[in-house]
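We use all heavy atoms of the structure for the numbers below, so side chains are in, but hydrogens, waters and symmetry mates are not. Computed from a predicted structure; not experimentally measured.
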Amino acid sequence: MDLKEWFASRQKRRDNPEVKQPLTTEEYCALWTQCFQCRELLYTRDLRGNLFVCPKCQYHFRISALDRIEQMVDEESFQELDAGLCSADPLQFVDTDPYPKRQEEATRKSGLKEAVVTGVGKILGRTAAIGVMDFGHFGGSMGSVVGEKVARLIEHAQKNKLPLIIISSSGGARMQEGILSLMQMAKTSSVLKSFSDAGLLYISVLTEPTYGGVTASFAMLGDLIIAEPGARIGFAGRRVIEQTIRQKLPADFQTAEYLFKHGQVDMVVERVKLAEVLAHLIDFHSGKRGDKVQTTQASGVKTSASRA
Amino acid sequence: MDLKEWFASRQKRRDNPEVKQPLTTEEYCALWTQCFQCRELLYTRDLRGNLFVCPKCQYHFRISALDRIEQMVDEESFQELDAGLCSADPLQFVDTDPYPKRQEEATRKSGLKEAVVTGVGKILGRTAAIGVMDFGHFGGSMGSVVGEKVARLIEHAQKNKLPLIIISSSGGARMQEGILSLMQMAKTSSVLKSFSDAGLLYISVLTEPTYGGVTASFAMLGDLIIAEPGARIGFAGRRVIEQTIRQKLPADFQTAEYLFKHGQVDMVVERVKLAEVLAHLIDFHSGKRGDKVQTTQASGVKTSASRA
Amino acid sequence: MANNDRKPVPLEFEQPLLALAAQIETVEKQLADNPDIEEDLTRLHEQYELLRRSLYAKLRPIDHLAIARHPQRPYTRDYFERWDPNWLELHGDRKGADDPAMVTGLVQLAGHKLVAVGTQKGRSLKDKQACNFGMPQPEGYRKALRAFHHAQKFGLPVVTLIDTPGAYPGMTAEEHNQSEAIAINLLELAGLTVPVVAVVTGEGGSGGALAIGVANRVLMLEHAVYSTISPEGCASILWRSADKVSEACQAMKMTAREIFHLGVSDEVIEEPLGGAHHDYALTANNVAAAVARHLDDLCKLTPAQVRSARQSKFRRMGSMQDAH
Amino acid sequence: MANNDRKPVPLEFEQPLLALAAQIETVEKQLADNPDIEEDLTRLHEQYELLRRSLYAKLRPIDHLAIARHPQRPYTRDYFERWDPNWLELHGDRKGADDPAMVTGLVQLAGHKLVAVGTQKGRSLKDKQACNFGMPQPEGYRKALRAFHHAQKFGLPVVTLIDTPGAYPGMTAEEHNQSEAIAINLLELAGLTVPVVAVVTGEGGSGGALAIGVANRVLMLEHAVYSTISPEGCASILWRSADKVSEACQAMKMTAREIFHLGVSDEVIEEPLGGAHHDYALTANNVAAAVARHLDDLCKLTPAQVRSARQSKFRRMGSMQDAH
Ligand SMILES: [Zn+2]
Ligand SMILES: [Zn+2]
C-alpha cells in the first residue's frame, strides 16, 4: 500500500464510521487510549484530533511517520521519494529469528517498508525536503536503507536548494546489519557536510524517543534543533548509564526539557505549534543576503513557543 | 639606551666583575635573591645562569623582556621593530599622578619605552617574529602602544610568512588610556584573524603573570599554547573572584598546572626547554603540504616537556 | 513582555527635581481654594521644565553611570520584543549550557532579518541571579559565537545589544576558560563578512562587553557608558579608595559623548528626557531607527568590504607617538 | 615508555597450548637423565608449533575479541612513542577539560609529519580509571576535533588509532552532549581536505570509535574488532541473555577479516603470532609501514580529491534493494 492509498483508505474509514454494532474487546481497546503519563482514558478519535497530545496533561504520544506527515504537511502536497528502497540481509543475520523475518514483522506492524519516510512537501505553503522517522517500524532503527534514504533526501534538498527538515525518532543503529549500520552515521553526516557548505537550512526535530546512532549523527547536526515536549533524547540509554555510574539519574534526565536546560536544543515546541514555527524559520532563512522583508510581521508565531 | 647598547653594557659588566670592595647593603641585596617559593637565598649570578629558575624548587622567576630575549633568542640575531613607538596621553589622565609621569617612572624602572619588545630573531636557528612582554614595565599593561606593536609584529610576520611567538606577561589593560586600551584587544585579535587565515603558525607562551585583556585576546589565541611552570594565568584576578563568589579558591587556582588540568594550555614547558620546544614546533609546522622530512629524528626534544 | 508601567524610580541627582515636583503638588492642591495662585503654578511648571532640562544637560559622568545602571532601564529582551513580537529565541551552546545572561535570537527589524545577540541583566531578583546580574559565563559567549556563525552561514546581519558590568568573575568561569571564550569571539567577529552593528544600551563593561562589540558600527545610547574596567575597580586600583568612583568615572572618559569623541563609537542615540527607563517604546524606536539606518548603509557593501571595513576600523584605534 | 617486557598473560582459548608447553617442560627436565627421549622432545616441539599455528589460524570471533581486549595489548601511546620518541603531545579542548581517554599530538612517521589522535585505555588501575577504560567524554571528542582543525589549517595528514569500547555512557557525558560531540566529528572529518588514515588497533566500539574513524583509509589489526554495539550489549538486547556473547560476536561479523570483506576496511595488518601483545615493536612497525604506504598514496591527490574520495567512500556503504 503506497502513501496515496493509505491516506485515501484512512479518509474512507473516517467518512464511514461504523460504531453501531456491539464492540469486540479488540475494537473497544482501539477506541480508547490510556495516557502514558496521567493515566487518563482518552477517546482515540479525540486524541487523534488533538494531534495525539493528551488534552489533560499535554503528554505527546509517539506517532507514526504517516500521521506526522498528515499533521504537519499541507494536504496532498507530499511527494514521496525512494519509496521502493528496502533492506537486504548483508550479514545473513540470525538471532532468535532471521533478520528477513523480523523485517516482515516490522512491515506488518507499521505498514511501512522502512523506518523513515522521505519526500518533498509543503509546510503551510513552504516547500521543504522532509524526512520522518517511525519508531513503530523496527524501533526506528537505522540500517542501510534509513541511511540511504536520509542521504538521498539531503542530496535532493541540496540539488533543489530546499530547506531540509528531519523528524527523528529512533532507538539507534540496526544491529542486524552490523558494521554497515554504524557506517550510516558517517554516510549521513558526510552528505550533511556538503549540504551545510552549500549554505542551506537544516532543521532537526527530535521526538520521543531519539537515541544512539541517530542522535549522534544527523539528528544533532541541525542548524536549528527543535524538540517535542517530554521527548527522551540521548546517546546512551538511561539503564546503561545507571549501570555504568551506579547511581540513580534525575527523573527528567534526557527529556527535551532537560536537554533544553543544558543548551542542547534551541527550543521545545509543542506539536500544535510545530508547523507554524517551521514555516517561520523557513521564511526567516530564505531569500538572498541583505534582502529586506516587506512587513515586520511576516508569518506570525508567538515567542511562547520558545521556553525561556 | 637601545637594545644593542643594553646587551653590550651588560656583557662589559659581566666581563669585569668587581667584588673585591666591601659591599654596601644595596649591593649585598642585589647580589642575593630570595626565592619567592622556597625562601632559599640564592646567589643572583647563579640564578641568572639558571635562567632565573630556582635550582632548589624550580620556581620560575619573572624575567624582563630583555633577559628573555637573551635567553631564548640566538645571540645577535634579534632585530627590534618599532622601537620608537611610545605612549601618548589621549585622555589627559590623572589619578594620584598624571599618566605621563607614571610612564616616565615605568621607563626608569624597566629601561624600556613600553611593555612589549617586538622584533625578528632566530630560535636555535629558526627565524621567527617574536614579541616579549615585560611585567616590570607598567605591570605589563596593554595600552595603545602595546596593541600597536603587537599588531605590527603580526602584520610583519604575515607579510614575511614567519612563525609568530608571543611571550605574554601582563596585569591587563592600561586603565590610563581608558576605552582605547580596551580596543587593543579587538585590534590585536582582528589582525590575528588575517594571520590565522593565511595558514601561519602562532605559538603563545604564557608566563607569570598573564591576566585580563591580554589573556582574553592574543594570549589565548595561539594555535598552540605553552605555559611556564607555576605561572598564574587568568581573566579575572583571584581577589575579585573570591569577593564575587564569597568562597576561598584552591591554592593552585589559575596556575599553569591548573589550566593544564582544565584543558586550556597544550603544554607546561620548563624555561630551560622552551627554546628547544619552540624550535621543534616551528620545524613541525614549516614546509609545504605533504612535504616529507628526511629523518624521523629532526629537532630532538624529549616528550617529558609535555606533562601527561 | 516586561514593561515600564511602573513610575520611574528617581536617582540621587534628581532630588532637586523631586523637591520641586513635591512643591508643585502642594500648590496644585491649594489651587481649588486659591485660583489666584494659578500664575505661580505656571511659573513653577516652567521652572520645573527648566531645571529638568538643565539637570540632564550637565550630568556628571557618574550621573550617566547611575542612569545606565538604573534598575528600570530597558534590557535586551525589552528591545527584541518591541522590535519584533514574533522574534524567536535560540538557546544553548550545544555543549552543556544555556546561559541566561546572553540572549540570542532571530529578530526582524525594519524589514531586516537579523541574528540578534545581547546581554541580559534580569529584572526580578530570581532573574538577576540566574543572569549573574548580566555577567555572562564562557558558555554565554560560546552561545553568542554559535549565533555569529549562524549569521555568517545564512548571510544575516548581526545586531548586538551590550549592557553588562563585564564577564562573570567566577571559579568555574575561569575553569571553563573565560579568556578564551572572549578572545575567540573577538577573532571570529573580526572575520564575519556580514554586517555587525553593536549598541551599548547600558553598561559596556570591559572585555565582557567587547566580546560582542567588534562591530562595523558601534552605537551608544545617550546615557550609556563604556569602559575598560568598572569605575569602582579603577578607583580601588588607582586611587586605592572606593570613594573615588566619581573621579574614576571622570578620568576614564566613559560617557557616550566622550567615547564618540575618542572615535570608538559612531553615533550617540538620544534617550527620552530623564533616561530610557522613562519610555521603553520611544527608546526601542530610537535604537531601531539608528540600527536600521546603519544596516541599510552596510548592506550596500560586498561581504569582503564589510569585513575589511570592520577590521580597518579597529586597526586604527589607539593613540601614540613615534620617537623616531 | 610502556613496554611488554612482562610475559604475555595467556587467554582461555590458549589453554591446550599451555598444557603442551607444561608437558614439554617436564620432558626437558628428564632429558639429562634420559638422553634417548630427545627425539620425543623434538616431536613435542613440532607438535607445539603446529598447534600454535592451527590455534591462531581458526580463532572464533570471540577469541579475536579476547585478544583485542587483552590487558597487555599495545595502546595508543605505545605506538606514538615507538613511531617518534620526540613526539609532542597536545592537550585540552581549550574549554575546561583535558580528557586522558583521547590523546592528540604531533608525530613523525616514516618522514610524514602528522597530527595523531587516538583513544587511550590506561595501563595501571589509576590510569584506567582516569581514562574511563578508554571511553572518551564529549570533551575528549572536542579535543580530537581541535586536532583535526589544526591538521586542516597546517595541511598535515591525520592518523587516528582506535581502541575503545565506545563513548563513555555517563551522566555528565550526556549533559555535555556526547551525541553532538560525536556527530560534529563525523561532519568535520568528512570535510577535511588533508588525508586521514584510521587504524582500529583493538576494539572499535560503536559511534565512539567512528567519531575518529571517518578516514580515507580504514585499517584494522588482525585481531582487532569493529562493531555497532558491544557483543555483550547485542546479546542482551537480541538474545536477552548475557550467555550469548559468542553468538553475538559471530552474528555481527566484527572481526578484521569480516569487516574487510564487508568493504568497511581497506586492509588487515598482520600481528605477531599470538597477538600484538607478544611484540610491541613489531606491531608498531607493521602499523607504521601500512599507514605510511597509504599516506604516500593519498599525498598524491589534491586536497579536493582527498575530501571527495573520503566522502564517496562512506556514501557507498550499505546494502539494500530497490523494490521498484
Ligand atoms: Zn495525559
Ligand atoms: Zn625556590
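Using non-hydrogen atoms only and a strict 4.5 Å limit, the part of residues 159-172 of chain D facing chain A consists of D/A167, D/Y168, D/P169, D/G170, D/M171.
A side-chain donor-acceptor contact under 3.5 Å links D/T228 to the backbone of A/G178. Counting only distance, with no hydrogens or angles, the side chain of D/K253 and the backbone of A/L91 share a donor-acceptor pair below 3.5 Å. In this structure, the side chain of D/E180 does not engage the main chain of A/A216 through any donor-acceptor pair within 3.5 Å.
By the side-chain hydrogen bond (donor to acceptor under 3.5 Å, both in side chains) test, A/S110 pairs with A/H137, sequence neighbours left out. By the side-chain hydrogen bond (donor to acceptor under 3.5 Å, both in side chains) test, A/R152 is found to be paired with A/D82, A/E148, residues two or more places apart in sequence or in another chain being considered.
When all heavy atoms of D/Q311 and A/S194 are compared, the pair lying nearest together is OE1-OG, 3.5 Å. Between D/E174 and A/A236, the shortest heavy-atom distance links the atoms OE2-N, 2.8 Å. The nearest pair of heavy atoms linking D/S319 to A/E177 is O-OE1, 4.4 Å. Minimum interatomic distance between A/S217 and D/L186 (heavy atoms only, all atoms of both residues): CB-CD1, 4.1 Å. Scanning all heavy atoms of the two residues, the minimum distance from A/M220 to D/A183 falls at CB-CB, 4.3 Å. Nearest heavy-atom pair, D/A251 versus A/F93, reported as atom, atom and distance to 0.1 Å: O-CD1, 3.3 Å.
Other residues, nucleotides and ligands contribute at most 12 non-hydrogen atoms within 6.0 Å of the NZ atom of D/K244. For A/R102, the CZ atom sits in a packed shell: over 12 heavy atoms of surrounding residues, nucleotides or ligands are nearer than 6.0 Å.
Both the backbone and the side chain of A/Q264 come within less than 4.5 Å of a heavy atom of chain D. Proximity to chain A is absent for every atom of D/M254, based on heavy atoms less than 4.5 angstrom apart. Interface residue A/Q254: only side-chain heavy atoms are found under 4.5 Å from chain D. Using a 4.5 Å cut-off between heavy atoms, A/D97 makes no contact with chain D at all. With a 4.5 Å cut-off on non-hydrogen atoms, D/E175 touches chain A through its backbone and its side chain both. For chain A, no part of D/L189 is nearby; none of its heavy atoms comes within less than 4.5 Å. Only the side chain of D/L210 comes within contact range of chain A, with at least one heavy atom under 4.5 Å from a heavy atom of that chain. Interface remark: D/R240 contributes no atoms to any contact with chain A (heavy atom separation under 4.5 Å). Residue A/F218 does not touch chain D at all, counting heavy-atom pairs closer than 4.5 Å. Both the backbone and the side chain of D/L238 come within contact range of chain A, each with at least one heavy atom under 4.5 Å from a heavy atom of that chain. Contact annotation for A/T215: both backbone and side-chain heavy atoms come within less than 4.5 Å of a heavy atom of chain D. Looking at A/V94, only its backbone comes within 4.5 Å of chain D, counting heavy atoms on both sides. For D/L187, the parts lying near chain A are the backbone and the side chain together; criterion is any non-hydrogen pair under 4.5 Å. Proximity to chain D involves both the backbone and the side chain of A/I179, based on heavy atoms less than 4.5 angstrom apart.
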Report the C-alpha distance between A/K193 and D/E188 in whole Å, list the side-chain angles of each, state the deciding distance to 0.1 Å, and finish with yes or no for side-chain contact (heavy atoms from CB on, under 4.5 Å). CA-CA 7 Å; A/K193 176 64 180 167; D/E188 292 293 307; 3.6 Å; yes
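Summarising the geometry, atom OG belonging to A/S190 is positioned 8.5 Å from atom CZ belonging to D/R310; distances are rounded to the nearest 0.5 Å. Note that CG of A/D95 and CD1 of D/I237 are 11.0 Å apart. Values are rounded to the nearest 0.5 Å. Atom OG of D/S179 sits about 9.0 Å away from atom CG of A/L206, to the nearest 0.5 Å. With values rounded to the nearest 0.5 angstrom, D/M320 atom CE is found 13.5 Å from A/D89 atom CG. For the atom pair A/L182 CG and D/M317 CE, the distance stands at 10.0 Å (nearest 0.5 Å).
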Tabulate below the donor-acceptor pairs under 3.5 Å that side-chain atoms of residues 242-253 of chain A make, not counting sequence neighbours, or state none.
| from | atom 1 | to | atom 2 | distance (Å) |
| --- | --- | --- | --- | --- |
| A/E242 | OE2 | A/L249 | N | 3.1 |
| A/T244 | OG1 | A/V240 | O | 2.7 |

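With chain D as the partner, the residue from A/S181, A/S87, A/A219, A/C86 showing the most heavy-atom pairs under 4.5 Å is A/C86. Of all the listed residues (D/A181, D/S206, D/G204), the one sharing the greatest number of non-hydrogen pairs under 4.5 Å with chain A is D/S206. Of all the listed residues (A/I233, A/I241, A/D197, A/V145), the one sharing the greatest number of non-hydrogen pairs under 4.5 Å with chain D is A/I241. When each of A/G237, A/S189, A/P90 is checked for heavy-atom pairs under 4.5 Å with chain D, A/S189 comes out on top.
Considering only heavy atoms from C-beta on, D/R316 stays 4.5 Å or farther from A/K187 through its side chain.
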